[in-house]
A.B. asks: 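Have a look at the structure that comes next, please.
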Protein chains: 2
Amino acid sequence: MEEVFKKLKEKHIRLTPQRLAVYEALARENKHLTVEEIYGKIKKRFPAVSLATVYSILELYRKKGIAAEIRITFNRSCFEARTDSHHHFFCRECKKIYDVELRPCPALQAAQVDGHSIEELHGYFYGICRECR
Amino acid sequence: MEEVFKKLKEKHIRLTPQRLAVYEALARENKHLTVEEIYGKIKKRFPAVSLATVYSILELYRKKGIAAEIRITFNRSCFEARTDSHHHFFCRECKKIYDVELRPCPALQAAQVDGHSIEELHGYFYGICRECR
DNA sequence: AAAATAAACAATAATGATTATTATCTAAAA
DNA sequence: TTTTAGATAATAATCATTATTGTTTATTTT
């Protein structure tokens, strides 16, 4: 938490109430939330907040490495406060997203594949989760 | 090629000129094409074809396991004729998509992770390709 | 502290990919 | 041939995301 604010300060980014609220919404649950969900959570305390603002804050956080965007569902973005690299699982039954730690995932360590230099890796698993089967 | 038609026949799916054209567009290049690109290629021979038709044919093929959809770019779908499981690399510079064969990818073999049963896995790498650096 | 400047925000419109609808046409079945 | 179901074209609708614009708020300068 503290280091996030430090990071923002280093880059001369103002910590406004809206931005704080977005970050808290993400960090409190430590889950994958859609933009709409984040918007919903914030609106309780900041009725005047705009959806476009939430988008722009999330985009700012993404660029600064404070939040990560995942696209495991094809039709909308989710964001999470975790920034360390890991994979995800999507349950086709209950639609829940799980974090997946792939212990020895060679791809996560690798600096390149086929001569291409890797900056980022998204691993999306699809199936039925342990709760649903 | 032949086996694709067999597969369609088994499931009582008519092989229309439009459907044939979509399949050929995908198979000829063996690349990842956007819906728009496929539409463009087909339109030369079938000026009357509709974009909505291309969408519906691709959706049909996806469901039948004849084509695969990937969402490596966040804002639009790509389709490919390859149906065996493999990963992809997206070059942020030239925007090209490469196939990636991850020789020993434990995730591709695994039947489950954390107790969740896996039906499908998408691995998306992002970075700069060997041509661009 | 007041004025000037820059950044953040809200409201809203615009964009663009995808999906739904409906009428027409084609092909298979009776 | 008639009937029926499926496929297609044309087009409208949807919906997530992005762009725009005017206003407000905070920072910097004087």
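In what follows, chains are A, B, ... by sequence order, proteins preceding strands, each numbered from 1. The analysis underlying the following values was restricted to heavy atoms, covering all of them including side chains, and did not include hydrogens, waters or symmetry mates.
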A.B. asks: In whole angstrom, give the distance that lies between atom CZ of F79(A) and atom C1' of dA16(D).
C.D. replies: 12 Å
A.B. asks: Looking at S56(A), I'd like to know whether one of its side-chain N or O atoms comes within less than 4.0 Å of OP1 or OP2 on dC9(C).
C.D. replies: no
A.B. asks: Measure CZ/R76(B) against P/dT17(D) and give the value in whole Å, please.
C.D. replies: 14 Å
A.B. asks: Over how many whole Å does the gap from E69(B) atom CD to dT18(C) atom C1' extend?
C.D. replies: 10 Å
A.B. asks: Tell me the interatomic distance from H12(B), atom NE2, to dG6(D), atom P, rounded to whole angstroms.
C.D. replies: 12 Å
A.B. asks: Under 4.0 Å between a side-chain N or O of T16(B) and OP1 or OP2 of dT8(D)?
C.D. replies: yes
A.B. asks: Give Q18(A) one of three labels, base, sugar-phosphate or nothing, depending on what nucleic acid heavy atoms sit under 4.0 Å from its own.
C.D. replies: sugar-phosphate
A.B. asks: Would you tell me if any nitrogen or oxygen in the side chain of R14(A) comes within less than 4.0 Å of OP1 or OP2 on dA6(C)?
C.D. replies: no
A.B. asks: Rounded to whole Å, how long is the line connecting atom CZ of R62(A) with atom C1' of dT17(D)?
C.D. replies: 13 Å
A.B. asks: Please work out whether the ring planes of F89(B) and Y98(B) are parallel, tilted or perpendicular, with thresholds of 30° and 60°.
C.D. replies: perpendicular
A.B. asks: Let me know the distance between CD of E36(B) and C1' of dT18(C), rounded to the nearest Å.
C.D. replies: 11 Å
A.B. asks: Mind calculating the distance between CG (L60(A)) and P (dA8(C)) to the nearest angstrom?
C.D. replies: 8 Å
A.B. asks: Among E24(A), E29(A), E36(A), which residue satisfies the salt bridge (charged side-chain N to carboxylate O under 4.0 Å, His left out) criterion with K41(A)?
C.D. replies: E29(A)
A.B. asks: Any side-chain donor-acceptor pair under 3.5 Å between E80(B) and H32(B)?
C.D. replies: yes
A.B. asks: So that I know where these two stand, are H122(B) and Y124(B) an aromatic pair - ring centroids less than 6.0 Å apart?
C.D. replies: yes
A.B. asks: Rounding to an integer number of Å, can you tell me how far Y61(B) OH sits from dA7(D) P?
C.D. replies: 11 Å
A.B. asks: Can you find a side chain N or O atom of R19(A) that sits less than 4.0 Å from OP1 or OP2 on dA7(C)?
C.D. replies: no
A.B. asks: What contact category does T53(B) fall into here, base, sugar-phosphate, or nothing, at under 4.0 angstrom with non-hydrogen atoms?
C.D. replies: base
A.B. asks: What do the steps show when you test E3(A) against K6(A) for salt bridge (charged side-chain N to carboxylate O under 4.0 Å, His left out), and what is the final call?
C.D. replies: CA-CA 5 Å; E3(A) 56 193 287; K6(A) 212 178 96 190; over 6 Å; no
A.B. asks: Does dA16(D) have OP1 or OP2 under 4.0 Å away from a side-chain N or O of R71(A)?
C.D. replies: no
A.B. asks: Looking at Y55(A), does any N or O in its side chain come under 4.0 Å of the phosphate oxygens OP1/OP2 on dT18(D)?
C.D. replies: no
